[in-house]
There are 2 protein chains.
Amino acid sequence: MRQIEEMRYLVLAAQREGSRMFTDMLQPMGITTSQSEVIRVLFDFEPLSLIELGDLLICETGSPSRLVNRLVKDGFVTMEKSKEDSRKVKLSLSYKGRVTAKKIIEVEEAVYDSISAKLKGAPVKSLIALLWKQVQGKPAGNALERRISGKSRK
Amino acid sequence: MRQIEEMRYLVLAAQREGSRMFTDMLQPMGITTSQSEVIRVLFDFEPLSLIELGDLLICETGSPSRLVNRLVKDGFVTMEKSKEDSRKVKLSLSYKGRVTAKKIIEVEEAVYDSISAKLKGAPVKSLIALLWKQVQGKPAGNALERRISGKSRK
DNA sequence: GTATCATTGATGACGTGTCATCTATTTTAA
DNA sequence: TTAAAATAGATGACACGTCATCAATGATAC
């Protein structure tokens with residue numbers, strides 16, 4: 001098997017296993033990994049319209065209206081029409097959403113700590129550089145750039 | 001943003017963008033990326049039962065019965081009951097499936113070539129090692145191990 | 001030989017991801 | 001100022017991916 005093919009499947013495998021890991025840890029909070037990304041982004045960037053939110057999500061391209069509708073229905077997110085532009089929608093976290101966001105951050109920190117420990121001494125920086133080459137300028141890469149360079153609530 | 005968090009989202013982003021890339025290139029052949037992985041694995045390892053196939057797929061855990069049923073319906077794969085154990089099923093590629101497999105290989109080679117060019121000089125080997133640390137011993141990692149060490153048709 | 005257990009695969013259910021299409025609203029330009 | 005174009009979001013359609021459950025078949029133990 002070619003090196004690059006091995007790399008391709010390793011990226012897929014790592015994504016899947018990472019996702020399963022987060023799925024298990026988020027289950028007690030009643031949310032999925034995609035939902036947690038939305039809550040996490042809103043925690044840092046609220047208020048947002050649907051399209052603004054979509055532009056900050058790596059998990060999904062386009063406008064995440066169904067994803068968000070579920071979170072509204074479950075009480076994590078509030079949605080109101082924008083006053084300036086009634087096509088737009090203004091998304092924010094509810095109190096429940098903010099509480100959940102903090103729990104998500106705890107879970108994430110724990111996972112990141114454990115991965116960091118496992119990768120002690122590994123060339124994480126060059127992997128990051130390599131992966132950036134693959135996603136630069138594409139929708140998911142653009143979203144991540146905005147996430148990194150955007151203002152954070154903290 | 002923590003390095004490890006950046007890496008997490010880069011892995012997700014790279015997986016998504018790579019998938020979109022293959023989706024576009026496979027569309028003319030009327031198959032999806034998951035379907036192409038099945039055809040590709042069958043090309044190398046046929047005949048297989050559903051569980052054996054599932055143990056060689058990175059894209060999905062468990063038994064890929066619906067994925068395969070669609071490929072049977074579309075004429076890429078043939079399915080018959082095993083003679084020794086009638087619980088089992090014997091999956092093989094049809095002629096159409098073999099022709100498609102060869103087209104898939106061409107597409108993959110082209111993509112791998114273009115990625116290789118972009119990654120000229122990058123320490124791909126150590127990045128492969130890093131990713132292996134994340135998936136070793138887990139379902140997707142085990143599947144990839146079997147794919148690499150397994151007998152190939154060629 | 002039969003009762004129990006394990007294995008294989010099918011299926012229902014649920015939440016994504018992605019695309020195309022539709023409606024409502026706002027912007028623009030004639 | 002009103003007709004055309006652009007934009008925001010909702011929705012239908014389709015194929016995953018994952019889990020739980022079920023029926024059929026085969027293996028094991030007594």
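A note on names: the letters A, B, ... follow the listed sequences, proteins ahead of strands, and every chain is numbered from 1.
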| message | Given dG9(C), dC19(D), dG12(C), identify the nucleotide with an atom nearest to the side chain of K88(B). | response | dG9(C)
| field | Residue whose nearest DNA chain C nucleotide is more 5′ - C59(A) or K83(A) | value | C59(A)
| request: Just compare dC19(D), dG17(C), dT25(C) and give me whichever is closest to any side-chain atom of D85(A). | output: dT25(C)
| request: Select one nucleotide: of dG9(D), dA13(D), dG17(C), the one nearest the side-chain heavy atoms of R66(A). | output: dA13(D)
| message | Heavy atoms from C-beta onward define the side chain here; which of dG9(C), dT11(C), dT18(C) lies closest to that of S49(B)? | response | dG9(C)
| message | For L93(B), is there any backbone N or O sitting under 3.5 Å from a side-chain donor or acceptor partner on R98(B)? | response | yes
| request: Would you indicate which nucleotide in dG15(C), dA10(C), dG12(D) comes nearest to any side-chain atom of Q35(A)? | output: dG15(C)
| query | Just by modelled atom types, is the E60(B) backbone N or O under 3.5 Å from a matching donor or acceptor in the R16(A) side chain? | reply | no
| request: Please determine, for the side chain of L67(A), which listed nucleotide (dG9(D), dT16(C), dT18(C)) has the closest atom? | output: dT16(C)
| message | Judged by each residue's nearest nucleotide on DNA chain C, which is more toward the 5′ side, S34(A) or K81(A)? | response | S34(A)
| remark: Between S19(A) and I51(A), whichever has its closest DNA chain D nucleotide further toward 5' is I51(A)
| task | Can you tell me the distance, in whole Å, between the CG atom of L50(B) and the C1' atom of dT11(C)? | result | 13 Å
| said: Categorize T33(A) for me: base, sugar-phosphate, or nothing, with a 4.0 angstrom heavy-atom threshold over every strand shown. | reply: nothing
| query | How many Å lie between CE on M79(A) and C1' on dA8(D), as a whole number? | reply | 11 Å
| task | Please report, rounded to the nearest Å, how far the C1' atom of dG15(C) is from the CZ atom of R16(A). | result | 14 Å
| With respect to the side chain of S86(A), which nucleotide from dT18(D), dG15(C), dT25(C) is positioned closest? | dT25(C)
| task | Calculate the interatomic distance between E37(A) atom CD and dT16(C) atom C1'; express it in whole Å. | result | 13 Å
| task | Round to a whole Å and report the spacing from CD1 of I31(A) to C1' of dT18(D). | result | 17 Å
| request: Round to the nearest Å and state the distance from L12(B) atom CG to dG17(D) atom C1'. | output: 14 Å
| task | Please tell me which of the listed nucleotides, dC19(C), dT26(C), dT25(D), lies nearest to the side chain of T61(A)? | result | dC19(C)
| Ring-face cation of R8(B) near F22(A) (centre distance under 6.0 Å, axis angle within 45°) | yes
| task | Please report, rounded to the nearest Å, how far the C1' atom of dT16(C) is from the NZ atom of K73(A). | result | 15 Å
| query | For the side chain of R87(A), counting heavy atoms from C-beta on, which of dT25(C), dT7(C), dT18(D) is nearest? | reply | dT25(C)
| Counting any heavy atom closer than 4.0 Å, what does S82(A) reach on the DNA or RNA strands: base, sugar-phosphate only, or nothing? | nothing
| field | Under 3.5 Å donor-acceptor, T33(B) side chain and S19(B) backbone | value | no
| Using a cut-off of 4.0 Å on non-hydrogen atoms, how would the nucleic acid contact of S65(A) be classed: base, sugar-phosphate, or nothing? | base
| With a cut-off of 6.0 Å (strictly less than), are more than 12 heavy atoms of other residues, nucleotides or ligands near NZ of K96(B)? | yes
| request: Grab the CG-C1' distance between D55(A) and dT7(D) for me, whole Å please. | output: 13 Å
| request: Could you work out which one of dA15(D), dG15(C), dG9(D) sits closest to the side chain of T32(B)? | output: dA15(D)
| query | When D85(A) is tested against each of R87(A), K83(A), K81(A), K88(A) for side-chain hydrogen bond (donor to acceptor under 3.5 Å, both in side chains), which residue passes? | reply | R87(A)
